[in-house]
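Taking it in order: structure first as structure tokens, then the write-up.
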Number of protein chains: 2
Amino acid sequence: MISQTAEYSLRAMAYLADQMPQGYRSTIEVATATKVPTPYLSKVLKRLVDIGLLKGQRGPGGGFLLMRTPELITVWDVVDAVEPIKRITTCPLQLGSHAKVLCPLHRKLDNALAQLEKAFRETSLADLINQPGAPQPLCDFVNSQRLPLS
Amino acid sequence: MISQTAEYSLRAMAYLADQMPQGYRSTIEVATATKVPTPYLSKVLKRLVDIGLLKGQRGPGGGFLLMRTPELITVWDVVDAVEPIKRITTCPLQLGSHAKVLCPLHRKLDNALAQLEKAFRETSLADLINQPGAPQPLCDFVNSQRLPLS
DNA sequence: CCAAATAAAGACATAATTGTCTTAAAATCT
DNA sequence: AGATTTTAAGACAATTATGTCTTTATTTGG
């Protein structure tokens, strides 16, 4: 229901949100952590740069970095950037009689899309990594650098 | 967010639900009414037959017919038949630590899918064609055969 | 039985998505 | 300046989704 590219984008953004304090992270590191094919992730990351969600930095010590803090980037921002949710605002059959009000079928479908959009807009990357009482961290990598060594 | 094929399937099923009292409806008629390319719709309808949602009848007077009444077929039945909503039940990264509990990202995504599934399960084809106070019928074709000629 | 209508089946074509590989450009460090 | 690290860019390949076309099988009605 959501494309592979969107899934990969979300994994990468979540990882980069978690790793933000450490600065730039390279394609290979992100790919390894999120288990995404490296060459393909490279293209996905470039897209996120073009869109303005990430900054790419070349050379030693370079890599990718969020352009905003995790609190200010939502799941919707990411999904909308790589695979926009196309809301149904006009009749797909282009029926004149549906110009103002969608038929029940498309009304229902668009309501479902609206629900989805709302859920995505209400979730920030911070919500994905800062889970106080949550039993599991985002993924194996999350916070791994920051946990006390015990 | 939902495939073209699923959209076409829903249009066709809604049309056939509306036309059920008139008996079999041919591919060409359904294609014209729903504005779907005829040859492609033909394949879609065959799939709906294979799945058991429609009955196909050859020869003069033949065509397609719902296997159940519109009340007993949901939007979910149709979508699930042609393009199943893949719920996230296990970690897509196959991380051992997520065997029991999904990470927040995939928990959120699956919750969204659950919402979608619920909305689709709660809507029957009958809901799409019998709208007492609704300002618009399903589409131009709906109930057109049954309206008083006035 | 024959002709017409219709779905069924499957070959073929096109486009989008996903994935790989190679080269170029830029930044850093010594 | 030169070597190394890294993203940027773009060609190429494989797969899936979408769409078209032709032939075959079945059913009905005369």
Side-chain angles (χ1 to χ4, degrees), chain A residues 1-13 15-16 19 22-67 79 81-86 92, chain B residues 1-13 15-16 19 22-67 79 81-86 92:
Chain A
M1 196 56 66
I2 112 168
S3 75
Q4 199 64 18
T5 302
E7 160 82 27
Y8 291 167
S9 300
L10 287 170
R11 286 190 206 171
M13 291 297 286
Y15 179 75
L16 288 168
Q19 299 288 314
Q22 275 78 34
Y24 291 108
R25 297 286 113 181
S26 75
T27 304
I28 289 177
E29 178 182 333
V30 178
T32 305
T34 60
K35 301 202 178 178
V36 174
T38 308
Y40 191 63
L41 183 67
S42 169
K43 288 171 73 165
V44 171
L45 291 173
K46 180 197 164 293
R47 229 167 125 183
L48 294 169
V49 168
D50 291 344
I51 275 149
L53 289 177
L54 293 180
K55 175 165 189 282
Q57 173 67 38
R58 302 196 225 197
F64 296 91
L65 192 67
L66 299 193
M67 287 289 276
V79 171
V82 301
E83 181 210 18
I85 294 176
K86 288 187 272 291
Chain B
M1 196 57 64
I2 114 168
S3 74
Q4 200 64 17
T5 302
E7 159 84 25
Y8 291 167
S9 300
L10 287 170
R11 285 189 207 172
M13 291 296 287
Y15 179 75
L16 287 169
Q19 299 287 315
Q22 275 79 33
Y24 292 106
R25 298 285 112 180
S26 75
T27 304
I28 289 176
E29 178 182 333
V30 178
T32 306
T34 60
K35 302 201 178 177
V36 175
T38 308
Y40 192 64
L41 183 66
S42 169
K43 289 172 72 167
V44 171
L45 291 173
K46 179 197 165 293
R47 231 166 125 183
L48 294 169
V49 168
D50 291 343
I51 274 150
L53 288 176
L54 292 180
K55 177 167 188 280
Q57 174 66 40
R58 300 196 228 199
F64 296 89
L65 193 66
L66 299 193
M67 287 290 277
V79 172
V82 302
E83 181 210 17
I85 294 176
K86 287 187 274 290

* Structure fact -> Closest to the 5' end of DNA chain C, once G62(B) and Q4(A) are matched to their nearest nucleotides, is G62(B)

* Asked: Think S42(B) has a side-chain N or O under 4.0 angstrom from the OP1 or OP2 of dA7(C)?
  -> no

* Asked: Looking at dA8(C), dA7(C), dG19(C), which one has an atom nearest to any side-chain atom of K46(B)?
  -> dA8(C)

* Asked: Reckon P37(B) touches a base, only the sugar-phosphate, or nothing at all at heavy-atom distances under 4.0 Å?
  -> sugar-phosphate

* Asked: Roughly, in whole Å, what's the span from OH in Y40(A) to P in dT17(C)?
  -> 9 Å

* Asked: R47(B) CZ to dG10(C) P: how many Å, rounded?
  -> 16 Å

* To do: Name the nucleic acid region contacted by F64(A), choosing base, sugar-phosphate or nothing; use a 4.0 angstrom heavy-atom cut-off, strictly under.
  => sugar-phosphate

* Asked: Rounded to whole angstroms, how far apart are CG on L41(A) and P on dC21(C)?
  -> 16 Å

* Please give, in whole Å, the distance from dT18(C) C1' to Y8(A) OH? -> 8 Å

* Asked: Which nucleotide, dA8(C), dA27(C), dA7(C), lies nearest any side-chain atom of V49(B)?
  -> dA8(C)

* 5' to 3' on DNA chain D, which nucleotides open and close the contacts with chain B (atom under 4.0 Å from a heavy atom)? -> dT18(D) to dT28(D)

* To do: Could you tell me whether T38(B) contacts a base, only the sugar-phosphate backbone, or nothing, with contacts defined as non-hydrogen atoms closer than 4.0 Å?
  => nothing

